[in-house]
There are 2 protein chains.
Amino acid sequence: MPFVLDEFLPYRLSVAATEVSRRFAARYAAEAGLSIPEWRVLAHLGHSGAASVRDITAKVSLEKSIVSRAASRLEDRGILRKSAHDGDRRLIVLELTEDGTALMARLAELAEAFQAELRHQLGADAHRFEAALKRLAG
Amino acid sequence: MPFVLDEFLPYRLSVAATEVSRRFAARYAAEAGLSIPEWRVLAHLGHSGAASVRDITAKVSLEKSIVSRAASRLEDRGILRKSAHDGDRRLIVLELTEDGTALMARLAELAEAFQAELRHQLGADAHRFEAALKRLAG
DNA sequence: ACATCATCGTTGCATCCGCAACGACATTGA
DNA sequence: TCAATGTCGTTGCGGATGCAACGATGATGT
């Protein structure tokens with residue numbers, strides 16, 4: 001029996017992830033031209049409030065160098081600000097500006113709507129599907 | 001209700017895909033230091049026999065420039081050869097060498113074994129999970 | 001036949017990613 | 001106290017990616 005790439009689970013997973021990310025990026029491109037790392041940093045800060053680069057690195061599956069550069073770009077655009085941490089001056093505190101909070105509020109709506117579409121596309125299996133994803137990543 | 005990145009389906013999908021690809025790459029790294037595009041080109045040629053860059057581009061979800069460069073690297077390593085197409089000289093025919101075929105045979109075993117592990121990890125939902133992936137990519 | 005337009009594969013270029021330094025600071029242990 | 005070690009965020013650098021040319025070749029329409 002020959003090996004068929006098209007039936008290979010890691011391949012299918014990668015293709016699906018790329019396609020879904022591409023579709024979502026097309027949605028928020030009009031609202032804000034964010035890269036995926038920038039989107040993840042923004043979304044995490046919107047939920048967590050102030051956080052250090054290290055905190056974000058640990059939570060959103062990105063290298064610290066990528067988080068660092070994404071944060072600098074978001075700072076340049078006025079979406080977040082950096083400040084010193086009291087007590088540990090190695091740390092840098094990142095938090096959203098008002099503009100950043102407003103942007104996140106708009107993107108959260110887009111994201112929820114998009115996710116609703118995906119779940120509709122998945123039908124009744126959606127919940128099991130998401131549980132399976134967590135099992136694979138763990 | 002606040003937006004939580006960790007529950008966002010495109011994020012979970014991306015994390016799972018990255019993690020699974022990383023695990024699989026670790027398996028075949030010992031056998032052959034292939035990039036993901038190289039692996040896909042090799043796998044497709046193993047299944048399809050001779051094919052043009054364009055054929056592969058259409059089948060394995062990669063840009064034509066990436067397929068072109070991956071093919072050149074595989075050629076340098078003696079895994080595939082390029083030849084002219086009779087009748088349409090724009091096309092380049094790619095096919096595996098004997099070494100390439102032998103390499104693919106070894107990697108196919110690794111791949112099947114790895115996939116079996118993943119399906120075991122997914123349990124009874126494995127089949128529905130793969131069907132859902134196809135639905136998302138389509 | 002010939003001009004026009006489409007297609008194929010390659011390459012240049014700007015950008016992004018991943019890893020390994022690095023400087024600054026904190027913690028540890030004697 | 002102070003040297004050794006660990007941690008934080010940034011940056012340099014090599015390599016990969018994505019897009020837009022480009023030259024070469026085919027197809028089309030008159």
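In what follows, chains carry the letters A, B, and so on, assigned in the order in which the sequence lines appear, proteins first and then strands, with residues in each chain numbered from 1.
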Q: Atom NE2 of B:H85 to atom C1' of C:dT7: distance rounded to whole Å?
A: 14 Å

Q: Quick check: closest heavy atoms across B:L62 and B:P37, and the distance to 0.1 Å?
A: CD1-CA, 3.8 Å

Q: For B:I66 and C:dC17, give me the distance from atom CD1 to atom P, rounded to whole Å.
A: 14 Å

Q: C:dA21 P sits how many Å from A:E63 CD, rounded?
A: 15 Å

Q: Do other residues, nucleotides or ligands put more than 12 heavy atoms under 6.0 Å from B:D76 CG?
A: yes

Q: Check this for me: does any side-chain nitrogen of one of A:K134 and B:E7 sit under 4.0 Å from a carboxylate oxygen of the other?
A: yes

Q: Answer yes if A:L74 and A:L91 sit in the same cluster of Ile, Leu, Val, Met, Phe, Trp and Tyr residues linked by side chain heavy atoms under 4.5 Å apart, and no otherwise.
A: no

Q: Are B:V93 and B:L42 co-members of a hydrophobic cluster defined by side-chain heavy atoms under 4.5 Å apart?
A: no

Q: How far apart are the closest heavy atoms of A:M104 and B:F3, and which atoms are they?
A: CE-CD2, 3.4 Å

Q: Please encode protein proximity along nucleotides 8-13 of chain D as a string of B, S and -, counting only heavy-atom distances under 4.0 Å.
A: SBBBBB

Q: Can you check the B:D86 CG to D:dT25 P distance for me, whole Å?
A: 15 Å

Q: Quick check on D:dG26: is either OP1 or OP2 less than 4.0 Å from any side-chain nitrogen or oxygen of B:R89?
A: yes

